[in-house]
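Here the structure comes first, spelled out in structure tokens, and everything after it is commentary.
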Number of protein chains: 2
Amino acid sequence: VTPEEFRIAGHVLIDWIADHRQRVPQLPVASQVKPGEVAAGLTPSAPERPEQFAAVLADVERIVVPGITQTQSPNFFGWFPSNASLASVLGDLASSGIGALGITWASAPALTEVEEVVTEWLRELTGLPAGWRGAIHDTASSACLVAMLAARERASGYSQNRAGLQGEPAPLTVYTSPQAHSSVQKAVLLAGFGADNLRHVAVDPVTYAMRPQALADAMAADVAAGRRPAAVVVAVGTTGTTAIDPLAEIAPIAARHGAWLHVDAAMAGSALLLPERRWMIDGIAGADSLAWNPHKWLGTILDCALLYVRDAGELVAVMSTNPSYLRSAADGQVTQYKDWGIPLGRRFRALKLWFHLRLDGVEAIRARLRRDLANAGWLGEQVAAEPGWRLVAPVSLQTVCVRHEPAELVRPGGEIAGGEIADGEIADGEALDRHTLAWVAAVNDSGRAFVTPSMLDGRWMVRISIGAEATERHHVAALWELLKAEAAAAAW
Amino acid sequence: VTPEEFRIAGHVLIDWIADHRQRVPQLPVASQVKPGEVAAGLTPSAPERPEQFAAVLADVERIVVPGITQTQSPNFFGWFPSNASLASVLGDLASSGIGALGITWASAPALTEVEEVVTEWLRELTGLPAGWRGAIHDTASSACLVAMLAARERASGYSQNRAGLQGEPAPLTVYTSPQAHSSVQKAVLLAGFGADNLRHVAVDPVTYAMRPQALADAMAADVAAGRRPAAVVVAVGTTGTTAIDPLAEIAPIAARHGAWLHVDAAMAGSALLLPERRWMIDGIAGADSLAWNPHKWLGTILDCALLYVRDAGELVAVMSTNPSYLRSAADGQVTQYKDWGIPLGRRFRALKLWFHLRLDGVEAIRARLRRDLANAGWLGEQVAAEPGWRLVAPVSLQTVCVRHEPAELVRPGGEIAGGEIADGEIADGEALDRHTLAWVAAVNDSGRAFVTPSMLDGRWMVRISIGAEATERHHVAALWELLKAEAAAAAW
């Protein structure tokens with residue numbers, strides 16, 4: 001494809017994208033394709049001769065689009081928001097068009113320095129301490145692995161330069177909440193700590209936030225048994241219910257043992273742009289690292305996860321390589337992001353953040369985040385006030401966790417000592433699970449909205465995660481009517 | 001940015017990219033900016049109010065473009081080719097426009113299934129064994145780490161589910177070439193094996209390829225000492241000189257010890273599209289994994305690295321997570337790429353490969369690769385025939401490794417027994433290094449071409465890596481004249 005051919009095809013594709021985004025609200029939210037259906041539509045071998053752009057785009061329209069769950073739909077309430085703002089799409093296109101290679105500062109000085117500046121913009125916007133520095137990774141999963149590797153090496157006196165973890169005399173241990181994202185456990189296992197050395201610290205039964213005393217007890221018990229606490233992973237906004245672990249109380253406990261303190265704020269980090277939500281990271285000065293994903297609620301298109309660290313030198317000590325073919329005269333005066341993470345080669349991902357913040361402006365982004373928090377609060381009130389429905393966790397961010405509990409399956413609660421109202425007691429949990437999964441399937445199969453079932457305390461509930469860029473109050477209100485209708489219609 | 005605003009800005013940006021790609025040959029190849037110069041041009045804080053697209057694009061033109069080393073230039077001969085074909089840029093734009101979220105099959109069935117189909121296309125095109133399966137990762141660095149983690153777990157009987165690597169009785173060892181890419185050592189260290197357990201196996205002094213007997217000896221010695229060989233990393237195309245380790249001889253040695261055999265073909269993998277180059281992976285059926293980067297020579301824009309494995313189940317056994325909120329009715333019938341690597345969330349990167357292969361066609365890609373191999377052969381002949389110049393390694397792919405050796409610094413070689421010609425002996429290595437670095441700096445500072453200095457056997461040499469999409473014979477010929485002129489002009 002020559003530049004002139006690109007020009008012609010590019011204009012067609014831009015129009016296609018603009019048109020596509022406008023029709024997304026009308027598309028089924030959950031993809032309705034069956035396993036293997038997309039693959040069956042593709043040719044089994046690559047073409048020897050060039051195909052026409054129109055033929056490829058027709059296949060996108062015919063095969064690809066129906067095979068996508070429309071996370072950009074205003075009726076998408078699944079998992080967490082995954083906004084692909086068009087401002088950031090423009091930045092991503094600029095990045096691709098330039099075609100830069102990020103391996104060292106010298107290979108693309110602008111790639112490094114725009115990333116330094118834009119991560120500093122976001123450090124300031126989110127209230128992270130001065131001096132903390134950020135880099136763009138693909139996901140919070142990778143960022144957590146990087147933090148766990150840095151923790152492992154610091155705790156072991158940089159054992160990787162000797163016999164590695166296998167030469168260590170006493171086991172290193174890691175602590176997190178059972179409500180933490182699955183990627184935390186994965187990172188701990190991949191870093192080689194072993195499942196036996198991962199502690200799932202007890203959480204509060206109402207808020208689902210980590211109990212600091214339980215953490216202190218677990219760490220003390222391990223030390224008494226000759227083990228060495230290496231890391232604590234705190235969730236600011238858990239995946240299931242967006243519970244917020246109390247960082248300010250946890251930080252001194254981690255510090256007492258010299259453990260690396262990593263904050264996983266993958267979802268909630270966007271809310272730190274709101275000054276009134278900064279309390280979520282009270283105590284951050286005592287942490288070592290924090291990860292959050294602009295590619296979620298903020299809306300800078302995938303993949304864009306930020307890892308901030310108090311001392312980047314602790315990453316460089318673990319991740320640095322310096323082969324002769326990557327040296328340049330600028331070494332020592334510049335940031336080498338290759339030494340801050342796992343991959344050597346990097347895309348120019350800072351452009352999409354830079355375009356996004358500049359073209360949309362921070363004020364409008366803040367207004368959107370506040371809109372979503374208000375919508376979640378409103379929905380939470382509707383659910384709490386509706387007979388037969390229950391909020392199964394506090395609405396601490398923009399995700400509302402609910403269950404429809406028909407009277408036949410739940411013994412009524414009522415007033416207890418002190419004027420509190422007790423929840424009803426589940427009479428038949430298996431039937432309740434069947435009911436929950438039945439009505440959520442009906443909602444998702446309808447194509448009219450998409451929500452995510454998830455387990456809490458061993459029972460299924462439904463997460464309604466508000467925050468697609470296009471979602472307004474009337475979409476949330478329509479969802480609530482749909483949920484009530486499908487729950488009423490579903491058997492158990 | 002609304003769809004209609006995106007439409008207007010998008011058309012402007014498409015035209016800018018088409019124009020930019022056309023002027024790239026006239027731009028300085030190496031960025032001429034000084035450390036901090038790009039950052040100094042940017043505002044210190046994010047804007048509260050939206051900016052005009054024209055203002056952002058003007059900054060790209062004024063600040064970003066001069067801060068890029070132009071890897072898309074026909075005069076780029078540095079590191080390895082990093083082609084960003086415009087066909088793949090269109091695919092990447094389609095991906096961004098759609099804005100899909102790849103976390104499970106259900107989140108975007110097409111994202112998974114197009115990736116399955118297109119990696120199968122490339123498996124067939126590169127002659128990998130039937131049944132091997134591929135996935136897209138960001139880089140060969142990450143792919144190598146995934147392979148090392150899979151190797152570690154297989155060798156330790158899946159110790160991550162117990163006490164981790166720290167519970168292992170006898171050390172696990174890994175073997176690679178001292179010429180392997182820096183990311184191999186990094187992966188071994190990050191996986192926790194420890195530097196003491198990484199063996200750099202001796203290479204042949206002429207070809208720089210791993211000596212199978214030296215590998216066999218090293219593995220046997222470790223076993224005799226009670227250590228356990230876990231992995232062998234073979235380089236098919238080393239970074240320094242594109243040496244090709246003899247896989248067919250190495251595979252049975254690795255198999256004897258049950259070690260995971262990973263093939264790093266990051267650069268050379270593209271050449272496997274040429275049937276006449278398939279000999280490079282003779283013996284592949286005895287390997288466990290192979291990684292190569294379409295984002296290098298092939299030209300599918302960053303980031304696009306492929307990791308193929310003989311048995312994907314061995315990745316899933318190490319990488320799998322299954323939290324309640326990611327389950328769906330399709331589980332068990334579909335591929336879950338989240339369980340094949342480190343990150344959970346993935347972009348729809350298969351689209352750029354799919355667009356690239358379809359819009360350019362395989363025939364044209366093969367012709368370009370053969371053109372580059374012929375150009376490298378031609379340049380190698382010129383260098384070998386030119387008095388005062390030396391090919392320091394065989395031209396085994398598209399990279400030519402040279403040194404200008406002025407008579408004052410090198411005692412003449414000459415005919416020795418058997419009619420062979422001995423290389424000259426270096427009389428003053430320090431002065432020769434100063435000379436090499438001086439003339440390569442002059443070439444790169446000129447902006448007319450870009451090559452990479454690298455060390456071999458303790459001395460600097462210069463790598464000329466041919467393969468930018470736009471590089472024709474006349475560009476290589478012009479480079480050769482430039483090298484001779486700058487070397488003649490440089491002091492020592």
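So that the names make sense, note that chain A is the first sequence line, chain B the second, and so on, each numbered from 1.
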Nearest heavy atoms of B:T71 and A:G99, plus distance in Å
OG1-O, 3.1 Å
Of the backbone (N, CA, C, O) and the side chain (C-beta and beyond), which part of [X] lies under 4.5 Å from a heavy atom of chain A, both, or neither?
X	answer
B:P44	backbone
B:A84	side chain
B:T43	both
B:L190	both
B:E5	neither
B:K352	side chain
B:S142	both
B:H20	side chain
B:S31	side chain
B:I301	side chain
B:H295	neither
B:T139	side chain
B:A140	neither
B:L13	side chain

What residue in B:A441, B:S159, B:P35 has the most heavy-atom pairs under 4.5 Å with chain A?
B:P35
Return the [atom1] to [atom2] distance between [X] and [Y], rounded to the nearest 0.5 Å.
X	Y	atom1	atom2	value
B:D138	A:D303	CG	CG	8.0 Å
A:L42	B:W354	CG	CH2	5.5 Å
A:I98	B:I17	CD1	CD1	8.0 Å
B:I342	A:S141	CD1	OG	9.5 Å
A:E153	B:L189	CD	CG	7.5 Å
A:F80	B:I103	CZ	CD1	10.5 Å

When you look at A:W79 and B:L326, which way does the side chain to side chain contact (heavy atoms under 4.5 Å, CB included) test go after all the steps?
CA-CA 8 Å; A:W79 305 302; B:L326 295 181; 4.1 Å; yes
Sub-3.5 Å donor-acceptor pair from the side chain of [X] to the main-chain atoms of [Y], do we have one?
X	Y	result
B:E113	A:G36	yes
A:S324	B:S454	no
A:Q166	B:L172	yes
B:R358	A:A46	no
A:S182	B:N322	no
B:K186	A:S320	no

Side-chain heavy atoms of B:R327 within contact of A:M455, under 4.5 Å
yes
Close side-chain approach of A:E48 to B:R366, heavy-atom, < 4.5 Å
yes
Within the supplied structure, the quantity of interest is the number of heavy atoms (other residues, nucleotides, ligands) at a distance under 6.0 Å from A:Q22 CD; does it exceed 12?
yes
Begin from the C-alpha positions of A:L93 and B:V89 and carry the test side chain to side chain contact (heavy atoms under 4.5 Å, CB included) through to its verdict.
CA-CA 8 Å; A:L93 173 57; B:V89 172; 4.3 Å; yes
Could you have a look at [options] and say which one has the most heavy-atom pairs with chain B under 4.5 angstrom?
options	result
A:D19, A:L125, A:V60, A:V118	A:D19
A:R152, A:Q72, A:R463, A:R346	A:R152
A:L122, A:L145, A:T69, A:V188	A:T69

Take B:F193 and A:L165 through the test side chain to side chain contact (heavy atoms under 4.5 Å, CB included) and record every step on the way to the result.
CA-CA 7 Å; B:F193 289 102; A:L165 206 51; over 6 Å; no
Do A:R347 and B:D92 sit within salt-bridge range, that is, some charged N less than 4.0 Å from a carboxylate O?
yes
Check this for me, if you would: do A:D15 and B:R7 make a salt bridge, where the nitrogen-to-carboxylate-oxygen distance has to be below 4.0 angstrom?
yes
Which residues pass the ring-ring contact (aromatic ring centres under 6.0 Å, His included) test with B:W460, not counting sequence neighbours?
none
Mind running side chain to side chain contact (heavy atoms under 4.5 Å, CB included) on B:L101 and A:L302 for me, showing each step along the way?
CA-CA 8 Å; B:L101 168 67; A:L302 264 171; 3.7 Å; yes
Does the side chain of B:T321 pick up a donor-acceptor pair with the side chain of A:Q185 at under 3.5 Å?
no
Pairs satisfying salt bridge (Lys or Arg N to Asp or Glu O under 4.0 Å), at least one member in residues 159-168 of chain B, at least two apart:
B:R162-B:E168, B:E168-B:R228
